[in-house]
K.L.:
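Can you keep this structure in mind? I'll have questions shortly.
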Amino acid sequence: MFLEVKNLTKKYSNKTVLHSLSFGVDQNKILVVLGPSGCGKSTLLSCLNGFITVDEGTVFLDGQNITKLYPEERDITTVFQSYSLFPHMDVMQNLMYGLKFKKISRNDARKKALKMLHLLQMDEFSNTKIQDLSGGQQQRIALGRSLIVEPKLLLLDEPFSNLDEKLRLTMRHELRQIQKELNMTMVFVTHDQQEAFSIGDQILVMDQGQIQQIDTGQGLYSTPKNHFVLKFIGDSNLLDNGEYIRPEDIVIKSDSNGDGRIEQMDFQGSTINYLIKYKERVFHVTCLNRIEPLKVGTHVDVQYKVSKLEEK
Amino acid sequence: MGKNHLGSKITNWFVYIVISLSILLFIFYPYLSIFVQALHEPGETFNSFFMQNIKLTQNSLFVAIITMILSVFLAVSVTLCFAFISKKWQRLLRVFLLITMVSPPFVTSLAYITLFGRRGMITHDLLQMTIEPYGPQGIILMQTLSFASLNALVLIGLLKQLEPSLINSARSLGARTDAVIKDIILPLLKPGLIVVALISFIRSLADFQTPTIIGGSFKMLASEGYFAVISMGDIHKAALINLTLAIPALIGFFLYIKYDHAMSVQHHGLSSNMKAFPLPKKGFFFVGSVILSVIFYLALLLQYGSIVMNAFSVKVMGNYQFSLQPIIDSQIYLNDTITRTILYSLIAGLVGSLISFLIIYYSKVRNDRFMKFIEMVGTFPYILPGTFFGLGYLYAFSKPPLIMTGTSIIVIINVIFKQVAFATKAAKASVSQIEPTYFKTVHDLGGTVVNEWKDVFFPMTKQGFAITFLNGFISTMTTIGSIIFLVHPGQNMMTLVMFDVVQRGEYQVAAVIACMIILICLVMSGIVFGFISLSGKDWGYVFRSKKSH
């Protein structure tokens with residue numbers, strides 16, 4: 001493994017916030033750390049970039065034990081949630097900042113920065129003040145500033161959470177492209193599962209300082225390991241004995257003799273969510289918006305596929 | 001729309017007019033009369049005075065510039081040291097710095113004389129030397145030491161507001177301690193550095209006590225202005241001197257406004273909930289700042305140590321012995337001065353804060369343009385030397401239509417309106433944290449302006465009000481410049497008595513008074529902060545800045 005974390009433990013005055021975490025990330029892959037707020041994901045990130053000291057465990061990067069190194073000594077850069085671009089420097093100065101500490105001439109640094117601007121599709125902004133950039137542009141520069149030093153590992157701490165919905169989608173797409181182009185290994189922290197699905201090669205689901213499951217997005221969704229993952233990832237209709245039905249696994253058809261009845265209809269655009277009553281239980285159903293929406297009170301025929309948790 | 005609203009409207013207008021008129025009368029008019037009369041009165045003209053006394057200006061500028069450079073340099077060292085030390089140490093050292101804020105301004109000079117003077121504890125008693133401590137070197141040293149504390153407190157405040165992830169970003173990009181300080185911390189503190197430099201410059205120009213006490217034969221504008229009134233009764237000359245002082249002070253002030261604004265714009269902070277961790281303890285800046293800080297704190301320790309020692313000891317056959325004699329000796333100088341000083345300080349703190357908060361209500365909440373002008377007039381005493389303000393009162397209120405000189409009311413009015421400059425700044429900061437919709441809600445639900453004050457404005461700013469009051473109290477307890485010409489025998493204030501006994505060479509009595517002033521200020525701080533922590537618990541949600549995201 002390129003990044004290898006073993007038994008990582010962090011305590012804050014007797015309260016354990018990370019419980020002996022072990023996981024790895026392959027080179028040129030993106031690991032997304034996903035979890036509700038307060039689950040310890042930012043603490044985990046701070047252990048990786050060195051801004052907090054760990055109580056137990058080791059972190060190896062490319063075979064080197066970096067557990068005790070200062071942040072500035074680690075070959076890791078971080079894109080922070082608040083962008084943290086230096087307000088007293090312009091775009092180019094921000095981009096070139098990390099190169100000051102590499103043995104590289106000013107001229108070469110400039111060339112690299114211009115190349116990075118091009119990659120970020122922001123060629124015309126080289127002399128712009130940081131304050132004059134939009135949120136999305138600031139985020140791009142922050143990303144570029146961290147990428148330009150060619151770190152072995154790039155950490156991203158909820159980098160898109162301050163952007164609006166549309167921009168967020170674009171940025172996810174761009175990040176993946178840049179990652180492929182530069183062959184970068186990344187750890188990306190988020191609480192947004194859509195973001196996790198679209199970015200992550202692997203997703204590490206965390207709760208209360210513990211790893212709940214590490215898998216691909218598809219794997220998490222189709223074979224959740226426990227109740228937490230099941231409830232956290234996607235929606236589901238819980239049955240007994242660890243059985244559940246995903247809302248899209250229920251197919252309903254208008255049928256005056258059907259056992260089901262539409263109780264509520266929630267129009268979402270591309271999909272329609274229904275609440276149906278079927279055999280004395282209430283089920284969430286998600287349908288694609290292909291046919292005329294069914295009205296409340298309509299009787300429906302119900303077909304479904306039951307899934308089962310591997311462990312209860 | 002009944003009677004109720006009419007009453008509220010009348011109250012509103014009454015308050016508005018009283019505030020505007022009082023600021024114009026007690027701040028604008030005194031300054032105006034000093035300008036008009038100093039330039040038009042028969043006697044020496046401003047030009048001839050200035051040309052003949054160019055040496056005074058040169059001396060003042062020389063001391064002010066060197067003091068400015070040194071005190072900022074020292075303050076930067078003390079501030080940077082905070083980036084390396086833990087929270088616990090930071091708190092301790094901050095308290096130490098704050099004590100200097102509640103001391104009379106010339107306490108440093110008093111300590112200097114008792115330690116290094118002709119009969120000083122260190123130079124004379126310990127080292128058996130008789131050296132000449134008086135002159136510009138003493139003034140610069142003392143001013144540097146006493147201004148560095150305030151400068152450091154301002155800069156430390158700014159350092160704390162720096163977005164921690166900026167520093168973390170730099171480190172994450174490979175910046176070591178020295179690079180973080182050089183590339184990130186110092187450039188971001190730059191507006192603050194300029195502001196404290198200007199404050200030090202203006203304060204040094206205006207300071208007449210230090211040169212009076214330890215200047216020796218070195219003559220400066222501020223001290224000459226003081227002597228002109230006190231020993232020669234030459235008010236005209238004092239006015240000319242103060243006018244000369246006002247020129248660099250005004251230039252400094254315009255620069256100050258510019259950078260003070262830049263400072264508040266830059267440091268709005270994104271305030272993520274992330275903490276900055278102490279920087280690794282290595283590099284040039286670490287070593288340098290720690291060495292200078294240690295020297296600085298030792299000097300403070302020595303200073304306050306000597307004051308306390310002088311207050312509680314007598315010299316018997318060359319040895320110091322614990323004694324309450326200095327306290328007993330001080331009684332004849334004080335009489336009812338202590339009660340009067342506390343009373344005046346309470347009034348100045350309360351009334352000054354009330355006026356300032358109401359000014360800010362109109363200028364900021366109501367966005368009233370005339371009140372913005374009044375607010376600006378209110379800042380004059382902050383810019384111009386305190387003696388200038390006092391002299392203005394002497395000019396303005398010694399003749400019709402308003403004769404007040406010689407009364408105690410003129411002193412009270414003076415200390416009240418001197419507070420307005422700083423209090424409006426504090427009030428502004430406090431008011432800017434209230435969501436404007438609260439005020440709209442009051443009207444939306446049928447309330448009046450009076451309800452705005454009663455139900456929103458004052459309840460929600462009560463912490464800021466308490467702090468502003470405390471500041472007014474302390475600054476009145478330690479003030480000297482603006483009232484020294486106004487106070488008549490029988491109306492004395494503690495700082496004035498202290499200044500008087502220092503000049504008579506009664507250093508131990510002066511030390512007793514210094515300790516008393518510091519103690520009274522500390523007790524009042526304890527009361528105010530106790531009140532804030534008792535009342536403050538439920539108010540977190542009101543303020544914008546505490547909103548988490």
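The structure presented is a predicted model; accordingly, all values stated were derived computationally and were not measured. Chain naming here is simple, since letters A, B, ... match the order of the sequence lines and numbering starts at 1 in each.
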K.L.:
How about A/Lys100 and B/Asp183: do any of their side-chain heavy atoms sit closer than 4.5 Å?
P.N.:
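A side-chain contact exists here, since the closest heavy-atom pair is under 4.5 Å.
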K.L.:
Between B/Leu188 and A/His88, which heavy-atom pair has the shortest distance, and what is it?
P.N.:
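That closest heavy-atom pairing would be CD2-ND1, 3.4 Å.
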K.L.:
Could you look at A/Ile148 and say if it's the side chain, the backbone, both or neither that has a heavy atom under 4.5 Å from chain B?
P.N.:
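Interface part for A/Ile148: neither.
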K.L.:
For A/Tyr97, is it the side chain, the backbone, both, or neither that has a heavy atom closer than 4.5 Å to a heavy atom of chain B?
P.N.:
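Answer is side chain: those atoms of A/Tyr97 sit under 4.5 Å from chain B.
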K.L.:
Might you confirm whether atom NZ of B/Lys428 has over 12 heavy atoms from other residues, nucleotides or ligands at distances under 6.0 Å?
P.N.:
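Not more than 12 within 6.0 Å, no.
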K.L.:
Work out which heavy atom in A/Phe86 is nearest to a heavy atom in B/Leu166; give both atom names and the distance.
P.N.:
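The pair with the smallest heavy-atom distance is CE2-O, 3.2 Å.
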K.L.:
Please indicate whether B/Phe96 has more than 12 foreign heavy atoms, meaning atoms of other residues, nucleotides or ligands, lying under 6.0 Å from its CZ.
P.N.:
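Atom CZ in B/Phe96 is crowded, with more than 12 foreign heavy atoms closer than 6.0 Å.
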K.L.:
Just so I know, are the side chains of A/Pro87 and B/Glu163 near enough to count as touching, which here means a heavy-atom distance under 4.5 Å?
P.N.:
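No, too far: nothing below the 4.5 Å cut-off.
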K.L.:
Got a second to check how far B/Arg176's CZ is from A/Phe101's CZ, nearest 0.5 Å?
P.N.:
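Separation between the atoms: 9.5 Å.
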K.L.:
In terms of heavy-atom contacts, does CZ of A/Arg110 have more than 12 from other residues, nucleotides or ligands at under 6.0 Å?
P.N.:
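Check fails, neighbour count at 12 or below.
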K.L.:
As an exercise, state the distance from CG of B/Leu173 to NZ of A/Lys102, rounded to the nearest 0.5 Å.
P.N.:
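Rounded to the nearest 0.5 Å, the CG-NZ separation comes to 9.5 Å.
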K.L.:
Can you tell me if B/Phe73 has over 12 outside heavy atoms packed within less than 6.0 Å of its CZ?
P.N.:
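Counting other residues, nucleotides and ligands, CZ of B/Phe73 stays at 12 neighbours or fewer.
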K.L.:
Check the pair A/Met89 / B/Ile184 against side-chain contact (heavy atoms from CB on, under 4.5 Å), numbers first and verdict last.
P.N.:
CA-CA 10 Å; A/Met89 301 182 191; B/Ile184 312 296; 4.2 Å; yes
K.L.:
Might you confirm whether atom NZ of A/Lys6 has over 12 heavy atoms from other residues, nucleotides or ligands at distances under 6.0 Å?
P.N.:
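It does not: A/Lys6 NZ has 12 such atoms or fewer within range.
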K.L.:
Between B/Arg171 and A/Pro71, what is the shortest heavy-atom contact and its length?
P.N.:
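Heavy-atom minimum between the residues: NH2-CD, 3.2 Å.
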K.L.:
Counting heavy atoms not belonging to A/Lys11, are there more than 12 under 6.0 Å from its NZ?
P.N.:
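Atom NZ in A/Lys11 is not crowded, with 12 or fewer foreign heavy atoms closer than 6.0 Å.
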K.L.:
So does A/Phe80 get a backbone contact from the side chain of B/Ser165, meaning a donor-acceptor N/O pair under 3.5 Å?
P.N.:
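No; zero donor-acceptor contacts below 3.5 Å.
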K.L.:
Would the number of heavy atoms belonging to other residues, nucleotides or ligands and lying under 6.0 Å from CZ of B/Phe422 be above 12?
P.N.:
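Open.
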K.L.:
Is atom NZ of A/Lys115 surrounded by more than 12 heavy atoms (other residues, nucleotides or ligands) closer than 6.0 Å?
P.N.:
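Counting neighbours around NZ of A/Lys115, 12 or fewer heavy atoms of other residues, nucleotides or ligands fall under 6.0 Å, so no.
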